[in-house]
Amino acid sequence: MKMGNVLVAQSGGPTVAINASLAGVIEGTLGSRYDKIYGSINGILGIKNDNVLDLTAVVANDPRFLKRLKTTPAMYLGSCRFKLPSVDSNDPIYDNLFEQFKKYQIEAFFYIGGNDSMDTVDKLSAYAAKIGSDIRFVGVPKTVDNDLCITDHTPGFGSAAKYIATSTMEVIFDAQIYDNPSVTIIEVMGRDAGWLTAATALAKNECCDGPDLIYLPEVPFDKEKFISDLKALLDEKTNVVVAVSEGIRDAAGEYISASTGTLDNFGHAQLSGAGKTLEYLVKEKLGVKVRSIEVNVLQRAAAHMSSLTDINESEAIGKKAVDIAEEGVTGAMVTMERISNAPYEIRFDYAKIHDIANEAKEVPKDWINPEHNGVTSDMVKYLQPLVIGLPDVEYKDGLPVYVSR
């Protein structure tokens with residue numbers, strides 16, 4: 001017996017694996033008691049503006065669609081950064097959204113996104129409870145930042161970590177070719193949490209020494225100690241490679257970045273220039289050759305360097321979201337619990353969204369070394385299983401084949 005239709009949307013910043021979660025939601029729906037699955041274009045705004053795609057028809061018309069979708073970067077349905085007002089605000093947008101849900105006979109809504117997207121799920125489920133609606137609202141996690149609470153890690157993070165670790169190795173090899181003293185600074189995304197920057201530690205292996213210094217936003221950044229650390233290393237070796245989070249800040253909580261001038265719709269500082277700021281500092285204080293590299297969007301778009309573990313888990317999380325909606329769960333986010341590192345094993349579950357939305361999971365302080373310029377072996381053990389394997393990607397004329405609307 002069919003149960004009506006479902007709607008899925010994507011929001012926030014893209015990842016390599018977010019479309020794998022979309023594929024999982026689609027696959028889960030096609031094998032469920034639900035009838036059709038619709039996709040909202042550009043997140044919650046697609047519902048508001050009645051910009052909706054029949055994904056059931058898309059799949060029926062292209063038998064290769066789901067396989068290609070799983071390894072396509074960015075977001076097939078597009079994105080938005082739109083903050084819903086308070087549920088108690090009496091804003092007409094809620095009536096508009098729920099009228100659209102009624103129009104398409106929606107029984108379950110899945111929002112694939114990060115912290116701000118979970119805030120949207122929380123508000124929609126709260127409003128549904130307020131008006132007595134039976135629609136189930138489920139959050140499907142994603143974020144390269146890995147800063148969602150309760151879940152062990154987030155889809156998209158493993159692939160970004162793999163790309164960052166690999167790129168760090170390549171930068172280190174490049175930096176070592178000259179016999180002149182030099183400092184290379186790699187700036188990695190991470191406004192409040194240093195998980196991505198910590199992933200540079202994976203570059204330390206049998207063929208690479210890894211970065212010499214790693215600085216995360218969870219602990220205060222001291223410019224004088226930074227210069228002192230560099231001086232000590234340059235006395236021992238010719239080329240020094242440093243990894244820094246974009247969100248590093250001093251003891252007063254002020255960002256080190258060169259520009260913090262604007263805020264986004266959710267009130268987050270728009271950061272840029274931490275690496276460049278430190279480049280100028282090194283040039284002034286040490287007078288050695290120095291360059292800064294901002295990895296930027298490459299770390300969230302590098303499908304050619306994705307993790308099979310990440311893609312598989314992202315797809316499974318999408319399917320799990322449909323399962324729990326069928327069971328009657330609402331106002332929740334799918335989670336992963338790590339059972340063991342070796343062999344690597346996780347368990348899928350869910351948690352109430354209210355305990356997750358607008359909270360941020362930081363790197364544990366005891367996974368940062370006492371000198372605040374590196375990470376411990378516990379961090380490396382946590383990271384290693386997440387970057388394993390490469391998915392089967394279709395190629396044509398030497399380039400990967402992706403899907404587009």
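No experiment lies behind these values; they were computed from the predicted model shown.
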From [atom1] ([X]) to [atom2] ([Y]), nearest 0.5 Å:
X      : Y      : atom1 : atom2 : answer
Asp310 : Asn312 : CG    : CG    : 9.0 Å
Lys352 : Ser125 : NZ    : OG    : 7.5 Å
Lys70  : Ser306 : NZ    : OG    : 13.0 Å
Asn115 : Thr143 : CG    : OG1   : 8.0 Å
Lys204 : Thr168 : NZ    : OG1   : 13.5 Å
Ile150 : Met333 : CD1   : CE    : 7.0 Å

Salt bridge [X]-[Y], side-chain N to carboxylate O under 4.0 Å:
X      : Y      : result
Lys223 : Asp250 : no
Glu99  : Lys102 : no
Glu337 : Arg347 : yes
Arg291 : Glu279 : no

Output field: ring centroids Tyr76/Phe65 closer than 6.0 Å: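 Aromatic pair counts; centres sit under 6.0 Å.
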Gln10 and Asn19: CA distance, side-chain angles, deciding distance, side chain to side chain donor-acceptor pair (under 3.5 Å) verdict: CA-CA 9 Å; Gln10 299 169 306; Asn19 283 330; 3.0 Å; yes
Would you say that more than 12 heavy atoms from the other residues, nucleotides or ligands in this model lie under 6.0 Å from the [atom1] of [X], or not?
X      : atom1 : value
Asp134 : CG    : no
Lys283 : NZ    : no
Lys231 : NZ    : no
Glu345 : CD    : yes
Tyr178 : OH    : no
Asp179 : CG    : no

Aromatic ring pairing Phe109/Phe101, orientation class (parallel under 30°, perpendicular over 60°, tilted between):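 Rings of Phe109 and Phe101: tilted, as their planes differ by 30° to 60°.
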Parallel, tilted or perpendicular: rings of Phe221 and Tyr215 (30°, 60°):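 Ring orientation, 0 to 90° scale: perpendicular.
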Side chains of [X] and [Y]: does their closest heavy-atom pair fall under 4.5 Å?
X      : Y      : result
Pro14  : Ser79  : no
Tyr38  : Asp54  : yes
Val25  : Lys319 : no
Asp95  : Tyr127 : yes
Ile44  : Leu124 : yes
Val240 : Leu234 : yes
Asp378 : Asp366 : no
Val244 : Ile185 : yes

Going by distance alone, is a donor N or O of one side chain under 3.5 Å from an acceptor N or O of the other, for [X] and [Y]?
X      : Y      : answer
Thr197 : Ser245 : yes
Gln100 : Asp50  : yes
His354 : Asp122 : yes
Asp119 : Tyr111 : no
Asn373 : Asn369 : yes
Glu313 : His153 : yes
Asp349 : Thr335 : no

Treating [X] as the side-chain partner and [Y] as the backbone partner, does any N or O pair qualify as donor plus acceptor under 3.5 Å?
X      : Y      : answer
Lys162 : Val387 : yes
Ser89  : Pro85  : no
Ser159 : Ser307 : yes
Glu218 : Lys365 : no
Glu187 : Glu294 : no
Asn296 : Leu298 : no
Thr151 : Thr154 : no
Asn239 : Asn180 : yes
Ser11  : Gly113 : no
Lys123 : Leu84  : yes

Worked verdict on Val6 versus Glu107 for side chain to side chain contact (heavy atoms under 4.5 Å, CB included): CA-CA 6 Å; Val6 307; Glu107 298 291 332; 5.6 Å; no
Worked verdict on Glu371 versus Asp229 for side chain to side chain contact (heavy atoms under 4.5 Å, CB included): CA-CA 10 Å; Glu371 294 78 23; Asp229 290 343; over 6 Å; no
Please find the pair of heavy atoms, one from [X] and one from [Y], that lie closest to each other, and give the distance.
X      : Y      : result
Ala160 : Val144 : CB-CG1, 3.8 Å
Thr330 : Phe137 : OG1-N, 2.8 Å
Ile317 : Val140 : CG2-CG1, 3.5 Å
Ala20  : Ile311 : CB-O, 3.7 Å
Gln299 : Val188 : OE1-CG1, 3.1 Å
Asp145 : Trp195 : O-CD1, 3.3 Å

Trace of the side chain to side chain contact (heavy atoms under 4.5 Å, CB included) decision for Tyr382 with Trp367: CA-CA 10 Å; Tyr382 167 84; Trp367 287 8; 3.6 Å; yes
side-chain hydrogen bond (donor to acceptor under 3.5 Å, both in side chains) involving Asn341 - partner list, sequence neighbours excluded: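 Counting only residues at least two positions away or on another chain, Asn341 forms a side-chain hydrogen bond (donor to acceptor under 3.5 Å, both in side chains) with Arg338.
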Name of the residue among Arg64, Lys67, Arg68 meeting side chain to side chain contact (heavy atoms under 4.5 Å, CB included) with Val403: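 Answer after filtering Arg64, Lys67, Arg68: Arg68.
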Residues Ile37, Asn5; criterion side chain to side chain contact (heavy atoms under 4.5 Å, CB included); working and verdict: CA-CA 6 Å; Ile37 177 167; Asn5 305 320; over 6 Å; no
